[in-house]
Amino acid sequence: MDDEKARELRKLPSVSTLLADNDVAEISSSIRSEVATLVVRDVLDQARAEIRGGGRVSTAELVARAVDDLRALTRASPARVINGSGVIIQTNLGRSPVSIQTGSAMRQVAEGYVALETDLRTGERGGRGSVIEAQVRALTGAERTLVVNNNAAAVFLMLSALCDGMDVIVSRGEAVEIGGGFRIPDVLRESGARLVEVGTTNRTYARDYAAAVTADTAALLKVHTSNFAMIGFTATPAIGELADAAHDRSILLLEDAGSGCLLETSHFGLQHEPTLGDSLDAGVDIVCASGDKLLGGPQAGLILGKKALVDRIARHPLARALRADKTCLAGISATLSHYLRGDATESIPVWWSISRSIDWLEGRAHSWARELGGRASVVKTEAVVGGGSLPGSTLPSRGVTLHTDLDASSLAARLRTGPIPVVPRIVDDRVIVDARTVLSDEDESLLDALQHALN
Ligand SMILES: *Cc1c(COP(=O)(O)O)cnc(C)c1O
């Protein structure tokens, strides 16, 4: 090793010197000392490796790294952020925020013992999720509902329990990848079912499905194409037609509905999206949906439909591996209560965002701009539902753009890394905070964050 490197290595502070630095000591005071020592030792090891590789590390840099690493150990994670992106169900930001009532229901059961598998009237063992079952029945007509960890789990479990070793017929236009590694052909294969593709990418008719049915066919599977939309010369059969095609041949019609919508989307200027009840009414035997997309609850997968089939799914060994925990069940139940009470659009954040009028958004954006003095102005934007729900459907919106000397990506980075992180959208080199996705009680925090970024 050359002298230069040896000199740099000797200049490094000792573990105890670094621990004694004022900033490091302040943060270490809330962490067990042996943990703080380990963190500081790692920082120094890393610095030694860098110096051997020809780098240099100042003491100030070492202190900064130690402070960062120590802080990271006790910081809440994932960090809460303000969504200014205009994407309502933003997968990278945790999809649906839950309602205040749902959050408190989840917290209550998390912090205490709960009657999860006990019938309080008899003291006997009871079923998990029987209230949810009654709620879903009232909202959709489903005979039985099973809640699992997420919709990927729901679809996988449904296919494993009902179609293992059998053929499942899917339209070529629906053998899709949803994102995050969820590909219909792969899920089918892993479940033990065989994929039989029918039709063409853009047009598939009920007779294509019917012609492919053999003695080995277990089901027709309808898949919501979620994150893409086909326009132009396209055809897909109505659900009712598919139900007839399946039931005439004594096989099942299964559906991966994706979002799990319970409200009529066309009332809010969006394209029509069949609700879970619509699917069951049209004759689908089992439908699967996410809990944290348009349903607006916590991460979950819902499997609903005919009792005998859901019973079979619930008895499959995988059901135990994929089941939802008590906080998820409490969250789904509290979310469903909003639909039953009729206050979903005011209480469930994703529906609150979807249902804001353009006048209201304009007023909100102007009030932000006023608060920020001359340093922001109101702009027209387009918000989207996102999360693979309603692809191609946009909602007119308003936002503010900030006037600074910073280029767009530097300003966006500053917003993301401030004390209250804000995730904006960049359009045409302008940083925009969309008024539709900032939650109802976040105005004050947002303005603090924007002021901080401007100063
Ligand atoms: C989102 C989605 C999934 C996956 O659901 P998760 O809840 O994310 O597991 C599966 N199928 C469709 C059609 C979807 O839109």
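Both ligands and their constituent atoms are indexed starting at 1 by order of listing. Each residue takes its place number in the sequence, starting with 1.
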Nearest-neighbour protein heavy atom for atom 15 (O) of ligand 1, which is reported as residue plus atom name and distance: S226 OG, 2.4 Å

A152 neighbourhood, listing ligand 1 atoms whose heavy-atom distance to it stays under 4.0 Å: 4 (C), 5 (O), 6 (P), 9 (O)

Side-chain heavy atoms of I432 within contact of V400, under 4.5 Å: no

Shortest protein contact, atom 10 (C) of ligand 1 (heavy atom only): N151 ND2, 3.2 Å

Enumerated ligand 1 atoms positioned under 4.0 Å from heavy atoms of G258: 12 (C), 13 (C), 14 (C), 15 (O)

Derivation and outcome, side chain to side chain contact (heavy atoms under 4.5 Å, CB included), residues R95 and Q90: CA-CA 5 Å; R95 290 200 185 149; Q90 165 58 287; over 6 Å; no

Distance-only donor-acceptor check, side chains T437 and D434, under 3.5 Å: no

Ligand-side contact atoms (ligand 1) for residue partner F182, heavy atom cut-off under 4.0 Å: 10 (C), 11 (N)

Shortest protein heavy-atom distance from atom 7 (O) of ligand 1, along with the residue and atom involved: S290 OG, 2.5 Å

Atoms in ligand 1 with a heavy atom of K293 nearer than 4.0 Å: 1 (C), 2 (C), 3 (C), 14 (C), 15 (O)

R95 contact mode with ligand 1 (heavy-atom cut-off under 4.0 Å): side chain

Test item: H247 side-chain N/O and A243 main-chain N/O as donor-acceptor pair under 3.5 Å: yes

Chi angles and distances behind the side chain to side chain contact (heavy atoms under 4.5 Å, CB included) call for R414, L406: CA-CA 10 Å; R414 181 183 280 199; L406 294 172; 3.9 Å; yes

Contact check, side chains of V81 and V422, non-hydrogen atoms, under 4.5 Å: no

Whether D256 lies under 4.0 Å from ligand 1, heavy atom: yes

Euclidean distance, L329 CG relative to M106 CE, rounded to 0.5 Å: 9.5 Å

Partner residues of D208 under the side chain to side chain donor-acceptor pair (under 3.5 Å) criterion, sequence neighbours left out: none

Under 3.5 Å: N/O of D292 near N/O of ligand 1: no

Contact check, Q299 vs ligand 1, heavy-atom distance below 4.0 Å: no

